[in-house]
Amino acid sequence: MRKVYMDNGATTQVDEQVLEAMLPFYRELFGNPSSLHSFGREVKKALEEAREKAALAINARPEEIYFTSGGTEADNLAVQGVARALKKKGNHIITSAVEHHAVLDVCKAMEEEGFKVTFLPVDEYGMVSPEAFREAVTEETILASIMLANNEVGTLQPIEEISAITREKGIVLHTDAVQAIGNIPVDVGQLGVDLLSLAAHKFNGPKGVGALYVRRGTQVNKVTYGGGQEKKVRPGTENIPGIVGLGKAIELATADVPGKAAHLTFLRDKLIQGLMKIGDVKLNGHPEKRLPGNANLSFAFVEGESLLLSLDMKGVAASSGSACTSGSLEPSHVLLAMGMPHETAHGSLRFSLGKYNTEEDVDYVLEVLPEIVERLRSMSPVARRGKQG
Ligand SMILES: *Cc1c(COP(=O)(O)O)cnc(C)c1O
């Protein structure tokens with residue numbers, strides 16, 4: 001059976017070149033980069049080279065890159081670290097209702113520490129309004145965290161317009177760019193952000209490693225205590241093979257963003273157009289301002305989980321809602337924040353394309369999915385009632 005992986009928003013396949021770059025650091029190059037002897041020094045050199053690659057990819061300086069255990073830790077460090085560092089200046093944080101749980105839940109935890117948090121609503125496309133952002137700002141606002149690209153519906157947020165406001169008001173701005181790296185251009189200067197999170201496994205790197213960009217001069221308190229690694233902001237012996245893999249992966253992922261985006265956009269649009277022909281199918285997220293590889297669709301009268309399982313039996317991997325929330329019966333918080341009724345949210349599927357997807361993959365999905373939808377709808381009493389009324 002043909003196997004088609006269209007769940008690149010959950011994770012991606014490690015590039016062979018990335019794996020090759022990592023292997024020596026599991027073998028002979030095993031030293032601790034903090035050691036002063038030759039074993040440590042050669043590893044320290046690789047650590048700093050990876051930092052330079054990560055910095056170059058987002059137009060930052062190497063000393064502004066802090067390696068973490070992934071996107072989740074980078075988001076936690078950004079929100080907790082900045083909020084606590086600036087506690088004396090104010091107690092208000094602004095975020096959006098459609099953030100990844102790594103931001104959303106840490107913001108909720110900050111409320112318990114006494115911070116006030118505004119969870120900005122979004123429009124039907126999942127977009128935050130810069131005007132609403134401006135209106136939410138108070139004298140107490142110290143930090144904002146608004147994602148660059150949404151992991152579920154692919155909507156791109158107007159970060160440049162938001163950073164114009166945060167700069168004017170002296171507010172620190174963090175963005176979760178985990179889904180953006182390699183898919184759209186990411187330049188911290190142009191975006192005007194002060195902190196930015198990224199995770200290697202979302203751009204064909206290894207799992208369990210990420211980074212937080214912190215603009216020079218931005219105060220961040222540590223959230224873990226220990227040694228002096230990562231300028232004391234993120235102590236603990238570094239995941240050297242992972243970091244080397246992140247460096248190689250980000251170099252490859254950002255070498256030709258327009259080329260990769262064009263490939264993904266072509267496949268995505270073919271997939272969307274083909275699936276819309278089924279009928280009673282709606283595209284979720286912004287029609288244009290979206291990730292090139294994201295196609296999130298709602299299929300009326302069917303359950304997303306049923307579609308997912310039927311697709312899986314045909315060798316196709318997609319996702320319903322986000323990987324983190326699937327398995328729970330609550331529909332996606334992102335789709336609900338976009339004003340979607342519960343039933344429609346339940347019938348949603350996300351296809352997230354990656355660099356290894358081909359046109360044949362898309363053709364295969366277009367071959368198998370219409371039959372699956374038809375079969376499930378024929379069994380659904382809701383569909384029959386819907387058709388009558
Ligand atoms: C995957 C993801 C995360 C979490 O990253 P991990 O490396 O899995 O911890 C955070 N934010 C977004 C937008 C993501 O897509």
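In listed order, ligands and their atoms are each counted from 1.
Atoms of ligand 1 lying under 4.0 Å from any heavy atom of Gly70, numbered from 1 in the order shown and given with element: 7 (O). Those atoms of ligand 1 that come under 4.0 Å of a heavy atom in Asp75, given as number and element, are 10 (C), 11 (N). Each of the following atoms of ligand 1 lies closer than 4.0 Å to a heavy atom of Ala199: 7 (O).
For atom 11 (N) of ligand 1, the closest heavy atom belonging to the protein is Asp176 OD2, 2.6 Å. At the shortest separation from atom 2 (C) of ligand 1 among protein heavy atoms lies Lys202 NZ, 2.6 Å. The shortest contact between atom 7 (O) of ligand 1 and any protein heavy atom is with Gly71 N, 2.9 Å. Shortest contact from atom 3 (C) of ligand 1 to any protein heavy atom: His100 NE2, 3.5 Å. Looking only at protein heavy atoms, the nearest one to atom 8 (O) of ligand 1 is His201 NE2, 3.0 Å.
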Q) Could you go step by step and tell me if Phe39 and Phe30 meet the ring-ring contact (aromatic ring centres under 6.0 Å, His included) rule? A) CA-CA 7 Å; Phe39 290 83; Phe30 62 86; 5.6 Å; yes
Q.
Walk me through whether Glu73 and Arg234 qualify under salt bridge (charged side-chain N to carboxylate O under 4.0 Å, His left out).
A. CA-CA 10 Å; Glu73 192 195 339; Arg234 201 281 187 177; 2.8 Å; yes
**Q.** Stepwise side chain to side chain donor-acceptor pair (under 3.5 Å) test for Thr155 and His286
**A.** CA-CA 6 Å; Thr155 301; His286 199 282; over 6 Å; no
Q.
Checking Glu112 against Lys108 for the salt bridge (charged side-chain N to carboxylate O under 4.0 Å, His left out) test, could you report, in this order, the C-alpha distance in whole Å, the side-chain angles of both residues, the deciding distance, and whether it holds?
A. CA-CA 7 Å; Glu112 275 155 40; Lys108 286 177 189 158; over 6 Å; no
Q) Should Glu168 and Arg134 be marked as a salt bridge (charged side-chain N to carboxylate O under 4.0 Å, His left out) after you check the CA-CA gap, both sets of side-chain angles, and the distance that decides it? A) CA-CA 10 Å; Glu168 179 193 318; Arg134 183 182 283 279; 3.3 Å; yes
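Close N/O approach between Gln179 and ligand 1 is found [any backbone or side-chain N/O within under 3.5 Å]. Close N/O approach between Ala102 and ligand 1 is not found [any backbone or side-chain N/O within under 3.5 Å].
With hydrogens and angles left out, the side-chain atoms of Ser96 and Glu99 include a donor and acceptor closer than 3.5 Å.
Proximity of Val103 to ligand 1, defined as any heavy-atom pair under 4.0 Å, is not found for any part of the residue. With a 4.0 Å heavy-atom cut-off, ligand 1 is reached by the backbone of Thr72 and by its side chain too.
Of the residues listed (Asp176, Thr68, Asp75), the one engaging Ser197 in a side-chain hydrogen bond (donor to acceptor under 3.5 Å, both in side chains) is Asp75, and it is the only one.
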